[in-house]
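Structure first, commentary second.
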Amino acid sequence: MFRQRKKATRIAVSVAALVLVGGAVAVRSIGPAAAAETTLRAAAAKAGLFFGVAASPNRLYSMVSQEFGQLTPENDMKPDRIATSSGGLQNTSGADQLVNFAQTNNMLVRGHTLVWHSQAGALQGASQSTLNTFIGNAINRWGSKIAYWDVVNEALEDNNTGRRRNQWPHTMNRDANGDGDYFDSGDTDVIRDSFIRAKQVVQAGGYNTKLCINDYDVEGLTVAGGTPNRKANALYDIVRNYRQYIDCVGFQSHFNDNPNSIISSDLQANIQRFADLGVEVHITELDIDDDLSNNDIGSGQAENYRKVVRACLNVAKCTGITVWGISDSESWRSSERGLLFTGSNGSYQKKAAYTAVLDELNKGRNVTTSSVPTSGPVTSRPVITSAPVTTSAPVTTSAPVTTSAPVTSAPVTSSNPTGGCSATVAVNAWTGGYVVSVRVTAGNATINGWNVRLTLPSGSTVTNTWSATASGTTGTVQFNNVSYNAQVNAGQTTEFGFQGTGTATGLNPVCTAS
Ligand code: XIL
């Protein structure tokens with residue numbers, strides 16, 4: 001007998017709840033109860049981000065386009081593969097194959113990479129003008145077929161020094177006024193000049209391509225032991241200063257037992273801090289050592305994958321995650337067994353880490369909207385638009401940094417601006433910690449130095465500061481400008497930030513200009 005099965009009626013529930021977490025407001029969007037997606041690609045797409053993989057032409061199996069919505073050539077677009085010594089192109093067939101596969105399967109491509117000290121091949125030691133030729137040739141070859149280009153890769157030194165590398169191409173840099181940075185108009189900076197060139201090429205060609213800076217050990221606000229992540233802070237300063245040319249930031253995310261390569265609990269806060277500059281943030285080369293027993297946050301690869309995916313999902317402008325290979329045995333670091341599949345040559349088995357990632361993606365975003373009201377120019381001093389190496393018209397200044405919805409009460413303004421400046425704070429808080437962004441605004445005259453004083457609630461301690469020098473860590477703390485943001489023109493602003501433990505309620509910043 002035929003019995004009609006009753007169809008289970010799925011009740012779509014859409015709830016938006018506002019939850020006050022410390023100083024920030026978390027906006028929870030719980031979408032309709034929907035069937036879980038069964039591939040990483042589909043689950044990520046539903047959550048509004050891409051999930052991609054690094055691959056080579058000999059790995060273009062059908063599972064690649066089923067599981068992944070984005071492709072990064074693992075080696076086929078590196079200068080040692082495709083650049084001639086004069087900046088021309090050669091041997092592009094592998095790269096072409098990858099791009100074609102992505103086009104056929106409607107996948108995004110990340111171009112990797114234009115300016116890098118490693119795998120430079122015939123470009124090793126090249127001048128900026130030759131680099132510029134190569135940048136133009138590479139971008140123009142694939143145009144809008146490349147959604148994101150890593151323009152500059154791994155510019156910063158190892159071991160958490162916060163310095164640029166002291167090897168080519170960074171040996172071209174000149175700190176003309178000796179103030180310790182390369183941000184001044186008289187300075188030479190290969191990062192700036194390469195981005196300016198790339199931006200010109202993208203604009204001239206009318207491409208949609210976004211231009212990214214990519215690095216490793218920049219993922220957390222802190223590294224092991226709670227030490228400030230100076231490399232992340234240095235990257236932040238670069239993006240902040242060159243915001244006009246930089247559209248996206250890649251955190252490579254090769255997590256392992258190195259004290260600077262751990263998954264720290266402030267990963268999300270760091271992603272958020274970059275996102276607040278208005279750039280997209282991507283996890284670009286994810287692999288996680290399956291034995292993180294020396295890591296503060298403990299072992300458990302699947303759980304670690306979950307943490308990373310969740311940190312990205314919780315920041316609206318974290319728009320993509322790419323794993324650095326398909327399976328453990330085919331990985332550049334096979335001994336770490338850091339990927340989502342075992343097996344080889346197209347015959348792959350899903351690991352527990354795969355299931356965890358899929359499950360986390362299927363939960364979707366849970367976005368804590370930023371409480372940092374970013375608008376207007378991000379630096380006091382406009383970024384140089386006519387670098388000595390460029391010949392064509394200067395790049396037009398990009399629109400002001402986009403704001404995420406202002407969700408907290410109005411920022412606190414120092415009531416009585418003294419000495420020609422005022423300051424506002426915006427707090428992004430979580431249980432036990434916070435990040436404060438401070439905006440310094442000059443009055444009706446240019447200032448050449450500034451100090452912001454504020455008093456922290458008891459039990460609160462500053463653990464990390466960027467774009468300012470702090471004196472004191474508890475109670476009343478003073479923040480002084482650093483060399484490159486000392487000068488703020490009339491009515492203009494500059495920003496610095498700090499991270500702390502405890503809470504950051506009732507801050508009342510007092511700005512003094514010098
Ligand atoms: C690695 C590749 O995976 C290897 O096959 C190659 O031998 C060396 O480079 N950071 C990067 C990537 O930006 O390009 C590197 O890829 C891994 C580290």
Side-chain angles (χ1 to χ4, degrees), residues 52-60 64 68 70-83 91-92 94-95 97-99 109-124 131 134-135 138 146 148-160 164-165 167-170 190-191 194-195 198 211-219 231-232 235 238 246 248-258 260-263 281-289 308 320-341 344-345:
V53 68
S56 300
N58 61 344
R59 302 270 179 252
L60 296 179
V64 169
F68 303 102
Q70 179 268 335
L71 203 61
T72 305
E74 184 171 354
N75 287 299
D76 287 270
M77 272 185 198
K78 291 175 179 174
D80 68 349
R81 193 64 59 89
I82 63 167
N91 304 330
T92 54
Q97 242 178 291
L98 289 160
V99 171
V109 180
R110 179 181 212 90
H112 178 78
T113 177
L114 297 170
V115 178
W116 190 22
H117 70 276
S118 180
Q119 294 183 271
L123 278 187
Q124 183 71 46
L131 283 179
F134 173 64
I135 290 168
I146 296 208
Y148 301 99
W149 255 115
D150 286 330
V151 176
V152 176
N153 195 33
E154 301 183 351
L156 296 160
E157 209 168 56
D158 283 336
N159 303 319
N160 200 20
R164 305 284 179 87
R165 286 182 186 274
Q167 66 210 109
W168 178 89
H170 308 284
V190 66
I191 297 178
S194 300
F195 269 96
L211 304 175
C212 312
I213 187 164
N214 194 47
D215 217 320
Y216 61 93
D217 291 356
V218 295
E219 292 78 15
K231 191 166 174 177
L235 183 66
I238 289 166
I246 299 181
C248 34
V249 174
F251 292 2
Q252 288 188 8
S253 305
H254 294 294
F255 293 114
N256 56 59
D257 280 338
N258 180 306
N260 299 317
S261 311
I262 64 162
I263 303 169
V281 183
H282 304 133
I283 305 289
T284 51
E285 304 185 11
L286 181 59
D287 48 33
I288 307 180
D289 190 342
V308 176
I321 300 174
T322 307
V323 283
W324 203 244
I326 305 165
S327 84
D328 289 348
S329 67
E330 294 167 353
S331 156
W332 74 309
R333 284 179 168 172
S334 52
S335 63
E336 293 183 352
R337 299 173 299 274
L339 294 173
L340 302 179
F341 293 86
S344 60
N345 296 317

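When a ligand or atom number is given, it counts from 1 through the structure's own listing order. Since the model is a prediction, treat every value here as computed from it, not as a measurement.
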**Message:** With a 4.0 Å cut-off on heavy atoms, is Trp324 in contact with ligand 1?
**Reply:** yes
**Request:** Using distance alone, determine whether Trp116 and ligand 1 share an N or O pair under 3.5 Å.
**Result:** no
**Item:** Polar side-chain atom of Ser331 near backbone of Gly325 as donor-acceptor pair, under 3.5 Å
**Value:** no
**Prompt:** Does the N or O separation between Glu154 and ligand 1 drop below 3.5 Å for any pair?
**Reply:** yes
**Prompt:** If we only count N/O pairs under 3.5 Å, is Trp332 in contact with ligand 1?
**Reply:** no
**Prompt:** To which protein heavy atom is atom 11 (C) of ligand 1 closest, and what is the distance rounded to 0.1 Å?
**Reply:** Glu285 OE1, 3.0 Å
**Prompt:** How far apart are the closest heavy atoms of Val115 and Val190, and which atoms are they?
**Reply:** CG1-CG2, 4.4 Å
**Request:** Report the part of Asn153 (side chain from C-beta onward, or backbone N, CA, C, O) that has a heavy atom under 4.0 Å from ligand 1; answer both or neither where that applies.
**Result:** side chain
**Prompt:** Looking only at heavy atoms, what is the nearest atom pair of Trp168 and Leu131, with distance?
**Reply:** CZ2-CD2, 4.0 Å
**Item:** Donor-acceptor under 3.5 Å (Glu219 side chain, Asp217 main chain)
**Value:** yes
**Complete:** Honestly, for Tyr216 the part within reach of ligand 1 (heavy atoms, under 4.0 Å) is neither
**Prompt:** Of Asp257, Asp328, Asp289, which is the lone residue that meets side-chain contact (heavy atoms from CB on, under 4.5 Å) with Glu336?
**Reply:** Asp289
**Asked** Quick one: which of Glu74, Arg333, Gln252, Lys78 has a heavy atom closest to atom 15 (C) of ligand 1?
**Response** Lys78
**Request:** State, yes or no, whether a side-chain contact exists between Asn214 and His112 at a heavy-atom distance under 4.5 Å.
**Result:** yes
**Prompt:** Is Asn75 touching ligand 1 with its side chain, its backbone, both, or neither, if touching means heavy atoms under 4.0 Å apart?
**Reply:** side chain
**Fill in**
Heavy atoms of Ala55 and Leu71 approach each other most closely as CB-CD1, 3.8 Å
**Item:** For atom 8 (C) of ligand 1, closest protein heavy-atom neighbour
**Value:** Gln119 OE1, 3.4 Å
